[in-house]
2 protein chains.
Amino acid sequence: MQAIKTEATYTIGEFADLVNLTAPTIRYYESQGLLKARRNDSGRRYFTAADIKWVKFLLHLKGTGMSISDLKQYVTWRAMGDETIPNRLELLENTQADFLEKYREVQHHLEILTDKINWYKQKETGKTSGQEPFADYLKRMGHKE
Amino acid sequence: MQAIKTEATYTIGEFADLVNLTAPTIRYYESQGLLKARRNDSGRRYFTAADIKWVKFLLHLKGTGMSISDLKQYVTWRAMGDETIPNRLELLENTQADFLEKYREVQHHLEILTDKINWYKQKETGKTSGQEPFADYLKRMGHKE
DNA sequence: TATTGACTTAAAGTCCACTTTAAGTTGTAA
DNA sequence: TTACAACTTAAAGTGGACTTTAAGTCAATA
């Protein structure tokens with residue numbers, strides 16, 4: 001029976017695979033201060049389950065449009081403790097607001113794309129007006145521009 | 001009474017404003033073959049309402065994730081006539097499929113971001129468990145990772 | 001008529017987020 | 001023990017989509 005339960009660790013390559021990044025990307029993120037790696041006796045990085053959770057969370061934030069420099073700011077505030085919670089909250093809420101605006105925009109782009117696809121399908125099957133301009137089609141579908 | 005009804009035309013600057021781009025961007029798009037500009041006697045570009053519609057449509061396609069080179073391909077096929085409709089349709093449907101996949105991904109990112117915001121708000125107001133880890137909070141909310 | 005702003009071109013520069021290279025060290029399997 | 005994959009660093013390179021610069025021409029207003 002062991003007195004000390006040693007936590008599972010991962011080399012940078014294993015870690016990279018686990019979070020779907022590459023080893024150079026992990027090093028890049030570390031160089032940007034987004035994460036910190038522990039080192040073994042010969043100077044090699046190793047990572048733990050907690051690091052996996054952290055990177056996955058970072059990737060979620062990144063996926064909502066936060067830049068590396070936004071993330072850096074977030075990380076800096078996090079390291080400063082609970083008194084920066086209002087700052088972090090504001091940053092995240094701004095990110096959310098920006099995201100939602102873009103989200104609505106791309107939704108509209110998708111509508112137009114879908115309309116165009118349907119217009120082509122109609123044209124292809126010759127079902128209706130083979131000559132109906134796309135602009136008229138959009139109008140008929142209740143979309144503008 | 002005029003025999004010839006002259007269509008309204010726009011300089012590149014006016015045109016750029018109308019489609020919310022810059023004049024250099026318009027020139028860049030023209031250089032990439034995404035649009036063609038007519039020229040007046042002194043060699044200056046001018047544009048019409050039809051060009052506005054076309055660029056706006058291009059921007060919708062671009063907004064769904066099509067790259068300049070995708071758009072170039074689309075434009076090339078369009079110029080070749082109706083026998084390339086299946087090609088165009090396939091391109092647009094692939095674009096749509098890729099878009100929808102990304103769309104679902106960012107939706108998940110947004111959920112995590114929103115959860116984090118709510119977690120911070122809870123922490124701030126001290127309403128519930130000021131010490132509850134975010135991972136536990138996510139679990140409680142029915143989200144993973 | 002003079003000035004100013006808008007246009008013209010080709011080419012170089014920018015930004016972001018990595019990615020690749022180069023040169024060297026270390027750990028592991030045969 | 002020898003090979004070979006994986007690690008280390010710093011620095012340079014990449015890709016996409018513009019943006020900026022430079023040097024010059026043209027059009028409209030005071």
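So that the names make sense, note that chain A is the first sequence line, chain B the second, and so on, each numbered from 1. Any value given below was found using the heavy atoms of this structure, including those in side chains, with hydrogens, waters and symmetry copies removed.
- B:Trp119 and A:Leu91 fall within the same hydrophobic cluster, where Ile, Leu, Val, Met, Phe, Trp and Tyr residues are linked whenever their side-chain heavy atoms come under 4.5 Å apart, directly or through other members.
- Here CZ of B:Phe57 is found 6.5 Å from CH2 of B:Trp54. Values are rounded to the nearest 0.5 Å.
- Separating the CG atom of A:Asn20 from the P atom of C:dC18 is a distance of 13 Å, rounded to the nearest angstrom.
- Side-chain contact of B:Gln96 with A:Thr114: a donor-acceptor pair under 3.5 Å is present, judged by distance alone.
- Counting non-hydrogen atoms under 4.0 angstrom, B:Tyr29 reaches the backbone sugars and phosphates but no base.
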Any protein N or O atoms within reach of nucleotides 19-24 of chain C? Criterion: under 3.5 Å, listing atom names and distances.
residue : atom : partner : partner atom : Å
C:dT19  : OP2  : A:Thr25 : OG1          : 2.8

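- Across all their heavy atoms, B:Thr84 and B:Arg78 have their closest contact at OG1-N, 4.2 Å.
- Near DNA chain C, meaning a heavy atom under 4.0 Å away, there are no residues from residues 52-70 of chain B.
- Distance CD1/B:Ile68 to NZ/B:Lys62: 5.5 Å, rounded to 0.5 Å.
- Atom CD1 of A:Ile26 is separated from atom P of D:dC7 by 11 Å (rounded to the nearest Å).
- One can place CD1 of A:Ile12 at 15 Å from C1' of D:dA5, the figure rounded to the nearest angstrom.
- In this structure, CZ of A:Phe15 is placed 12 Å from P of D:dT8, rounded to the nearest angstrom.
- In this structure, A:Lys72 and A:Leu34 approach most closely via the heavy-atom pair N-CD2, 3.6 Å.
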Show me the protein contacts with nucleotides 9-13 of chain C, counting only N or O atoms at under 3.5 Å.
residue : atom : partner : partner atom : Å
C:dT9   : OP1  : B:Arg39 : NH1          : 3.3
C:dT9   : OP1  : B:Arg39 : NH2          : 3.0
C:dT9   : OP2  : B:Arg45 : NH1          : 2.8
C:dT9   : OP2  : B:Arg45 : NH2          : 2.8

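- Checked against side chain to side chain contact (heavy atoms under 4.5 Å, CB included), A:Asp82 has the following partners two or more places apart in sequence or in another chain: A:Ile85, A:Arg88, B:Lys123.
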Check the interface with nucleotides 27-30 of chain D: list each N/O to N/O pair with the protein under 3.5 Å, or write none.
residue : atom : partner : partner atom : Å
D:dA27  : OP1  : B:Ser42 : OG           : 2.6

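- Taking the ring axis of A:Tyr120 as reference, the NZ or CZ atom of A:Lys116 stays within 45° of it and closer than 6.0 Å to the ring centre.
- In plain terms, the two heavy atoms of B:Ala8 and B:Tyr10 that are nearest each other are CB-OH, 4.1 Å.
- Contact check of residues 95-104 of chain B against DNA chain D (heavy atom, cut-off under 4.0 Å) returns no residues at all.
- Ionic pairing of B:Glu132 and B:Lys139 is not present here: no N-O contact between side-chain nitrogen and carboxylate oxygen is shorter than 4.0 angstrom.
- In this structure, B:Ala16 and B:Ala23 approach most closely via the heavy-atom pair CB-N, 3.6 Å.
- Under the 3.5 Å distance criterion, the side-chain polar atoms of A:Asn118 are left unmatched by any main-chain donor or acceptor of A:Asp115.
- Between B:Phe47 and the choices B:Leu18, B:Ile12, B:Ile52, the side chain to side chain contact (heavy atoms under 4.5 Å, CB included) rule is met once, by B:Ile12.
- Between the CZ atom of A:Arg38 and the C1' atom of D:dC7 there is a distance of 18 Å, rounded to whole Å.
- Two rings, from B:Phe15 and B:Tyr46, have their centers 6.0 Å or more apart.
- Regarding contacts with the backbone of D:dA6, every side-chain N or O of A:Thr11 stays at 4.0 angstrom or more from both OP1 and OP2.
- Taken from CG in B:Asn40 to CZ in B:Arg45, the straight-line distance is 11.0 Å, to the nearest 0.5 Å.
- More than 12 non-hydrogen atoms from other residues, nucleotides or ligands lie less than 6.0 angstrom from CD of A:Glu83.
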